[in-house]
Amino acid sequence: MEVNDIRFNLLSILYEKYYEYGERPISTDNIIIELNLSDDTQNVYDNISYLSEKNLIWAQKLQNETYHSLVRINEKGISLVDKLLGLTLDKIQDEALKEKLRLILNDANPSSRMRRFLELTKSYSTLTGLVGS
């Protein structure tokens with residue numbers, strides 16, 4: 001997985017968890033499991049440090065730890081994810097898909113918003129690729 005994909009996926013998971021659990025920090029180990037990158041933990045740790053340095057997430061190392069073990073998204077990270085969702089929506093040409101995505105973004109339950117948005121855009125692009133070929 002490329003660096004930008006890892007960073008976006010980290011932010012996406014933390015965004016979703018923020019709306020599910022509030023400001024409670026999430027274990028880095030749980031994030032690695034959700035990312036399905038247990039064979040590339042060093043890369044995840046490096047990107048957590050990067051996102052923390054850029055002030056997009058809050059990350060904490062506990063005593064004598066080499067890597068951050070607790071993380072959560074902050075307001076700047078939430079704003080960035082919201083902006084990226086909006087930019088993605090603006091680029092979509094298909095009006096029916098755009099309307100479905102708008103409904104997802106306006107859902108009263110934001111904890112599943114990110115996952116549903118990404119699943120729909122991914123399945124749509126996969127179907128478009130199949131039809132195009």
- Salt-bridged, D90 to K98, with N to O below 4.0 Å? no
- Item | Atom pair CG/OG of L85 and S12 - distance to nearest 0.5 Å | 7.5 Å
- Item | Spatial distance of atom CG (L103) from atom CZ (R113) [nearest 0.5 Å] | 12.5 Å
- Query: Are Y19 and L84 connected, step by step, through hydrophobic side chains (Ile, Leu, Val, Met, Phe, Trp, Tyr) whose heavy atoms are closer than 4.5 Å?
  - Reply: yes
- Spacing of I32 atom CD1 and D39 atom CG [to the nearest 0.5 Å]: 10.5 Å
- Roughly how far, to the nearest 0.5 Å, is the CD atom of Q63 from the OG atom of S69? 11.0 Å
- Separation of T88 OG1 from L101 CG (nearest 0.5 Å): 9.0 Å
- Is there a path from Y15 to Y21 through hydrophobic residues (I, L, V, M, F, W, Y) whose side chains come within less than 4.5 Å of each other? yes
- Task: Indicate whether any N or O donor in one side chain lies under 3.5 Å from an N or O acceptor in the other, for N43 and D40.
- Result: yes
- Are L56 and W58 connected, step by step, through hydrophobic side chains (Ile, Leu, Val, Met, Phe, Trp, Tyr) whose heavy atoms are closer than 4.5 Å? no
- Is the closest basic N to carboxylate O distance between E99 and R102 below 4.0 Å? yes
- Query: Between D46 and Q42, does any side-chain donor sit less than 3.5 Å from a side-chain acceptor?
  - Reply: yes
- Regarding N74 and Y18, is there a side-chain donor-to-acceptor distance under 3.5 Å anywhere? no
- First locate atom OG of S27, then atom NE2 of H68, and finally report the distance between them rounded to the nearest 0.5 Å. 13.5 Å
- R72 and E23 have their tightest heavy-atom pair at CD-O, 2.9 Å
- Heavy-atom nearest pair, M114 first then E16, reads CB-OE1, 4.3 Å
- Task: For residues L89 and L105, report the shortest heavy-atom separation together with the two atoms involved.
- Result: CD2-CD1, 4.0 Å
- Keeping to residues at least two apart or across chains, list the ring pair (Phe, Tyr, Trp, His ring centres under 6.0 Å) pairs with something in residues 24-53. Y45-Y67
- Message: I'd like to know if I31 and L70 are part of one continuous hydrophobic network [Ile/Leu/Val/Met/Phe/Trp/Tyr, side-chain heavy atoms within less than 4.5 Å].
- Response: no
- Item | Single-linkage hydrophobic cluster, 4.5 Å side-chain cutoff, V44 and V3 together | no
